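Read the structure below first, then the notes.
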There are 2 protein chains.
Amino acid sequence: MLTIGSLGKKTGTKVQTVRYYEQIGLMPEPGRTEGGQRRYGDAEVDRLSFIRHARQLGFPLEAIRELLDLSDNPDRSCHEADSIARRQLKQVELRMDRLKALRTELKRMIHECSGGNTADCKVLEVLRDHSECLTDHDAIGA
Amino acid sequence: MLTIGSLGKKTGTKVQTVRYYEQIGLMPEPGRTEGGQRRYGDAEVDRLSFIRHARQLGFPLEAIRELLDLSDNPDRSCHEADSIARRQLKQVELRMDRLKALRTELKRMIHECSGGNTADCKVLEVLRDHSECLTDHDAIGA
DNA sequence: CTAAATGTTCTAGCTGCTAGAGGTTCAAGT
DNA sequence: ACTTGAACCTCTAGCAGCTAGAACATTTAG
């Protein structure tokens, strides 16, 4: 039986995060000692590892909830898990495209910076000049 | 003189966001009508455009605050603005590297998904298998 | 002069944690 | 058996950067 601290160490998760996962129902309520402390077994180690691994791949918690659900029901179709993963891949590729565009413009503005005073700073000039903007809608959340 | 709504439309900003920027001191407190509604002039349009453009390039609000400050003082050195932009470029490149790694692993797990039931789903299997993990520390925030 | 559109403030919510206060329990050493 | 100190407990609030809603006031066009 593991304490929450050792569970955290085993899975690379902060204690607070484990409790947070419990709070939002991603992790089950574990058994407790007489004094009220949480104790975990192997199943919880596996589940938390699964969650952390999925997080490292950028899956949002809601997607992980679905994946865990699928994982708990071995008789359901694999297609759902597959489509969740494909959705995530799309997200990643979208973000990459955005970042690529950002990098290009950032490089351009830095490249052109000559190094005088801010009156004729290219960086600021680019930001001021609305004409060469990226497409309107949010490149922001990239 | 523009209402907050028209300012928003001109700059592609939601009304609430304009007020939020005012609240955190990025936008100045504007003049008001007798009835208490905000009215904006050209200077505010420029300033908000600057902010939005910088946001589209992914600059965090604190960096934008510095950039605005530099922009307001034309006699200060351009180096500061330049280094803020370089910092941002580094961030972007870091995130791109992370996303590249994620994409690789996501592609791998999708590629191997055969399409039976979840009992032998490759997607879930990869997530369960802790051994082939990415390097521990946060690939998450990518 | 009325009605609709837009404005106002205030509060709470989103994601995914993280940190702190203030208190309790556990395990090891003496 | 007793003490100490690390690790646990709950609860609340905070981070970024908005976004949405309630409940009300103002503005403007017909």
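Just so it is clear, the values below take in all heavy atoms, side chains as well, and ignore hydrogens, waters and symmetry mates. Below, read A as the first sequence line, B as the second, and so on, with proteins coming before strands; counting in each chain starts at 1. Because the structure is a prediction, the values reported are computed rather than measured.
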In terms of the nearest nucleotide of DNA chain D, which residue is placed more toward the 5' end: Gly35(A) or Arg39(B)?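 Taking each residue's closest nucleotide, the earlier one in sequence belongs to Gly35(A).
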State, with a plain yes or no, whether a side-chain heavy atom of Leu68(B) is found less than 4.5 Å away from one of Ile64(B).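 When only atoms from C-beta onward are counted, Ile64(B) and Leu68(B) do touch, with a gap below 4.5 Å.
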Answer yes or no: does a side-chain N or O of [X] lie under 4.0 Å from OP1 or OP2 of [N]?
{"X": "Arg52(A)", "N": "dC17(C)", "value": "yes"}
{"X": "Thr33(B)", "N": "dT27(D)", "value": "yes"}
{"X": "Thr3(A)", "N": "dC8(D)", "value": "yes"}
{"X": "Arg38(B)", "N": "dG7(C)", "value": "no"}
{"X": "Arg32(B)", "N": "dT9(C)", "value": "yes"}

Could you state the atom-to-atom distance from [atom1] of [X] to [atom2] of [N] in whole Å?
{"X": "Arg65(A)", "N": "dG16(C)", "atom1": "CZ", "atom2": "C1'", "result": "12 Å"}
{"X": "Leu61(B)", "N": "dT19(D)", "atom1": "CG", "atom2": "P", "result": "12 Å"}
{"X": "Tyr40(B)", "N": "dT8(C)", "atom1": "OH", "atom2": "P", "result": "7 Å"}
{"X": "Ile51(A)", "N": "dC17(C)", "atom1": "CD1", "atom2": "P", "result": "10 Å"}
{"X": "Gln37(A)", "N": "dC8(D)", "atom1": "CD", "atom2": "P", "result": "7 Å"}
{"X": "Glu62(B)", "N": "dC15(D)", "atom1": "CD", "atom2": "P", "result": "11 Å"}
{"X": "Leu26(A)", "N": "dT15(C)", "atom1": "CG", "atom2": "P", "result": "12 Å"}
{"X": "Leu2(B)", "N": "dT28(D)", "atom1": "CG", "atom2": "P", "result": "12 Å"}

Mind checking Ile24(B) for me? I need base, sugar-phosphate or nothing, with any heavy atom below 4.0 Å counting as a touch.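 Nothing, no nucleic acid heavy atom in range.
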With distance as the sole test, does Glu44(A) use its side chain to make a donor-acceptor pair with the main-chain N or O of Met27(A) at under 3.5 Å?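 Between the backbone of Met27(A) and the side chain of Glu44(A) there is no qualifying donor-acceptor contact (under 3.5 Å).
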Does any N or O in the side chain of Thr11(B) come within less than 3.5 Å of the main-chain N or O of Leu7(B), such that one atom is a donor and the other an acceptor?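 Judged by distance alone, yes, a pair lies under 3.5 Å.
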I need the residues from residues 11-23 of chain A with at least one non-hydrogen atom less than 4.0 Å from DNA chain C; give them sorted by number, or say none.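 Correct list: Lys14(A), Gln16(A), Thr17(A), Tyr20(A), Tyr21(A).
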Let me confirm one number: the CG-CZ distance from Leu99(B) to Arg95(A), rounded to the nearest 0.5 Å.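 So the gap between those two atoms works out to 5.5 Å.
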Go through the structure and list residues passing salt bridge (Lys or Arg N to Asp or Glu O under 4.0 Å) with Asp72(B), not counting sequence neighbours.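 If we apply the salt bridge (Lys or Arg N to Asp or Glu O under 4.0 Å) test to Asp72(B), skipping adjacent residues, the hits are Arg47(B).
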Assess the residue pair Arg39(B) and Gln37(B) against the criterion (side-chain hydrogen bond (donor to acceptor under 3.5 Å, both in side chains)); give the C-alpha distance rounded to whole Å, side-chain angles, the decisive distance to 0.1 Å, and a yes or no. CA-CA 7 Å; Arg39(B) 288 300 122 98; Gln37(B) 298 195 352; 2.7 Å; yes
Considering residues, nucleotides and ligands other than Asp75(A), do more than 12 of their heavy atoms fall under 6.0 Å from its CG?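 Buried by this count: over 12 neighbours within 6.0 Å.
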Take Phe59(A) and Gly36(A), find for each the nucleotide of DNA chain C with the closest heavy atom, and name the residue whose nucleotide sits nearer the 5' end.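 The answer here is Phe59(A).
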